[in-house]
Amino acid sequence: MHEIHELINHWYHANARTLPWREPGASGWAVMVSEFMLQQTPVVRVLPVWEQWMQRWPRPQDLAAEPVSEAIRAWGRLGYPRRAMRLHAAAVEITTEHNGMVPRTEEQLRALPGVGDYTAAAIACFAFDKPTVVVDTNIRRVQARLFGGAALPEPSPRASEFARARQVQPEDHEAAVTWNISVMELGALVCTARSPKCSQCPVFAHCAWVAAGQPAPHYTPKGQAWHGTDRQVRGAIMAVLRAGEQAVDPAVFLADLAMQQDPVFTPLQKLDAPLQQRQRALSGLLADGLAASGDEGIVLPS
DNA sequence: AATTCGTGGGA
DNA sequence: TTCCCAAGAAT
């Protein structure tokens with residue numbers, strides 16, 4: 001095990017990507033913002049948005065001083081805009097409850113909106129050098145192969161995976177901190193979900209999956225439906241709200257009106273969704289706080 | 001515990 | 001073109 005630790009940590013030092021939130025001077029807030037944006041979103045798409053975000057709101061209190069609508073707009077097309085809402089709420093909480101300082105312990109981080117087990121462990125480790133047990137989709141996949149001999153991890157995270165992750169963690173504090181990011185990076189760059197680059201793997205000779213002859217997955221991942229879903233409609237509505245400067249008449253969202261020539265409405269015009277679904281999607285957004293009812297129509301929440 | 005929640009690039 | 005899926009969280 002000790003040899004595997006050294007091989008992967010050494011591989012990381014030689015092959016890690018240069019990312020702004022990994023720079024030595026990166027603040028806890030910088031890491032936290034990156035972790036929110038990286039939840040289910042690839043690095044390459046996060047990079048430009050993160051840069052703008054940090055430029056505009058270099059501290060939690062800078063974001064907290066603005067309405068949620070600004071956070072949702074600045075989130076752009078990263079997807080899952082509720083993350084922008086939660087990041088803003090977390091910034092407010094940090095400002096009011098933590099004196100503007102991003103908490104350093106997993107427990108305090110975990111209590112913030114939008115921070116689950118993974119994100120709490122990740123921030124504590126990457127920003128504050130705590131030897132936490134970080135378990136993300138990359139780490140789950142690497143460990144499923146390397147130690148479990150399986151092609152893929154279980155469809156959803158299990159307690160046994162967390163237990164194994166803790167079990168294989170280096171004892172040394174500094175080695176453990178590096179291990180978290182190293183295994184994650186290995187999963188992102190080499191031990192990928194589709195067509196892993198085993199020829200480049202530093203622990204090829206130790207891999208249980210390779211030793212087993214690289215068996216196929218014992219299940220087939222179920223795809224994520226998109227066309228015709230409420231999410232698609234919600235996305236179109238949010239795109240209109242983000243792009244527009246003023247309130248939008250609810251009727252515009254709910255009916256196939258001959259909408260203005262304004263290109264702002266093209267996401268809706270390209271939509272082929274029945275009235276009932278539009279209604280449901282809009283209601284959902286209002287209920288989630290991603291949209292609000294203003295005097296003159298639907299607006300981003302203030 | 002199973003679902004829901006955006007988006008877009010690559011295979 | 002269609003399908004996969006990417007540093008998850010909340011319910």
Side-chain angles (χ1 to χ4, degrees), chain A residues 12 16-17 19-22 30-50 72 75-87 89-90 109-127 132-142 152-159 161-162 165 180-189 191-197 217 219-242 267 270-271 280-281 283-285 287-291:
Chain A
Y12 176 78
R17 291 167 290 182
L19 299 172
W21 48 84
R22 285 182 184 167
V31 172
M32 180 171 165
V33 171
S34 79
E35 289 303 336
F36 269 72
M37 292 182 172
L38 288 164
Q39 289 168 5
Q40 299 285 282
T41 304
V43 168
V44 286
R45 284 179 34 217
V46 164
L47 277 168
V49 182
W50 183 90
I72 295 174
W75 197 255
R77 304 187 67 78
L78 282 184
Y80 292 151
R82 53 178 55 181
R83 290 181 295 163
M85 205 172 54
R86 290 171 182 158
L87 181 53
L109 287 162
R110 186 65 178 77
L112 295 172
V115 178
D117 290 336
Y118 161 74
T119 302
I123 296 173
C125 180
F126 305 155
T132 58
V133 181
V134 178
V135 180
D136 81 317
T137 184
N138 288 304
I139 290 175
R140 292 180 59 227
R141 185 176 56 253
V142 170
L152 294 174
E154 298 302 320
S156 58
R158 300 197 180 179
E161 292 179 317
F162 189 85
N180 283 326
I181 192 63
S182 299
V183 177
M184 191 178 306
E185 191 77 342
L186 185 65
L189 299 183
C191 195
T192 51
R194 287 173 297 188
S195 51
K197 303 169 179 64
Y219 66 94
T220 54
K222 55 177 180 180
Q224 307 168 357
W226 173 247
H227 289 287
T229 64
D230 285 5
R231 272 198 293 175
Q232 184 183 29
V233 182
R234 288 168 61 107
I237 293 176
M238 289 305 296
V240 170
L241 290 180
R242 278 197 309 269
K270 285 162 51 178
L271 211 53
R280 188 169 62 240
S283 300
L285 289 172
D288 290 345
L290 284 166

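Naming: A, B, ... by sequence-line order, numbering from 1 per chain. All values below come from the heavy atoms of this structure, side chains included, with hydrogens, waters and symmetry mates left out.
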| task | Look at all strands and tell whether A:Trp21 reaches a base, only sugar-phosphate, or nothing, counting heavy atoms closer than 4.0 Å. | result | base
| said: I need the A:Arg83 CZ to A:Leu38 CG distance, nearest 0.5 Å. | reply: 8.5 Å
| message | Quick check for you: to the nearest 0.5 Å, what is the distance between A:Ile139 atom CD1 and A:Cys191 atom SG? | response | 11.5 Å
| query | Do A:Pro42 and A:Arg45 have side-chain heavy atoms sitting under 4.5 Å apart? | reply | yes
| If you look at every strand shown and take non-hydrogen atoms under 4.0 Å, does A:Ala193 touch a base, only sugar-phosphate, or nothing? | sugar-phosphate
| field | Of A:Arg110 and A:Leu19, the one whose closest DNA chain C nucleotide lies more 5' | value | A:Leu19
| query | Rounded to the nearest 0.5 Å, how far apart are OG1 of A:Thr119 and CD of A:Gln39? | reply | 4.0 Å
| query | Base, backbone or nothing for each nucleotide of nucleotides 4-11 of chain B, written B, S, -, heavy atoms under 4.0 angstrom, 5' to 3'? | reply | -BBBS---
| Separation of A:Met184 CE from A:Tyr12 OH (nearest 0.5 Å) | 9.5 Å
| said: Say we look at B:dT4 and C:dA7: how far apart would their P atoms be, to the nearest angstrom? | reply: 23 Å
| Hey, what do you get for CZ (A:Arg141) to CG (A:Leu152), rounding to the nearest 0.5 Å? | 8.0 Å
| Just the endpoints, please: which first and last nucleotides of DNA chain C, 5' to 3', lie under 4.0 Å from a heavy atom of chain A? | C:dC4 to C:dA10
| In Å, rounded to the nearest 0.5 Å, how long is the span from CG of A:Leu19 to CH2 of A:Trp50? | 9.5 Å
| request: Select base, sugar-phosphate, or nothing to describe what A:Pro157 touches, counting heavy atoms under 4.0 Å on all strands. | output: nothing
| note | Taking for A:Gly187 and for A:Val115 the nucleotide of DNA chain C with the nearest heavy atom, the one nearer the 5' end belongs to A:Gly187
| query | A:Arg141 near the nucleic acid: base, sugar-phosphate alone, or nothing, with a heavy-atom cut-off under 4.0 Å? | reply | sugar-phosphate
| Close side-chain approach of A:Glu35 to A:Tyr118, heavy-atom, < 4.5 Å | yes
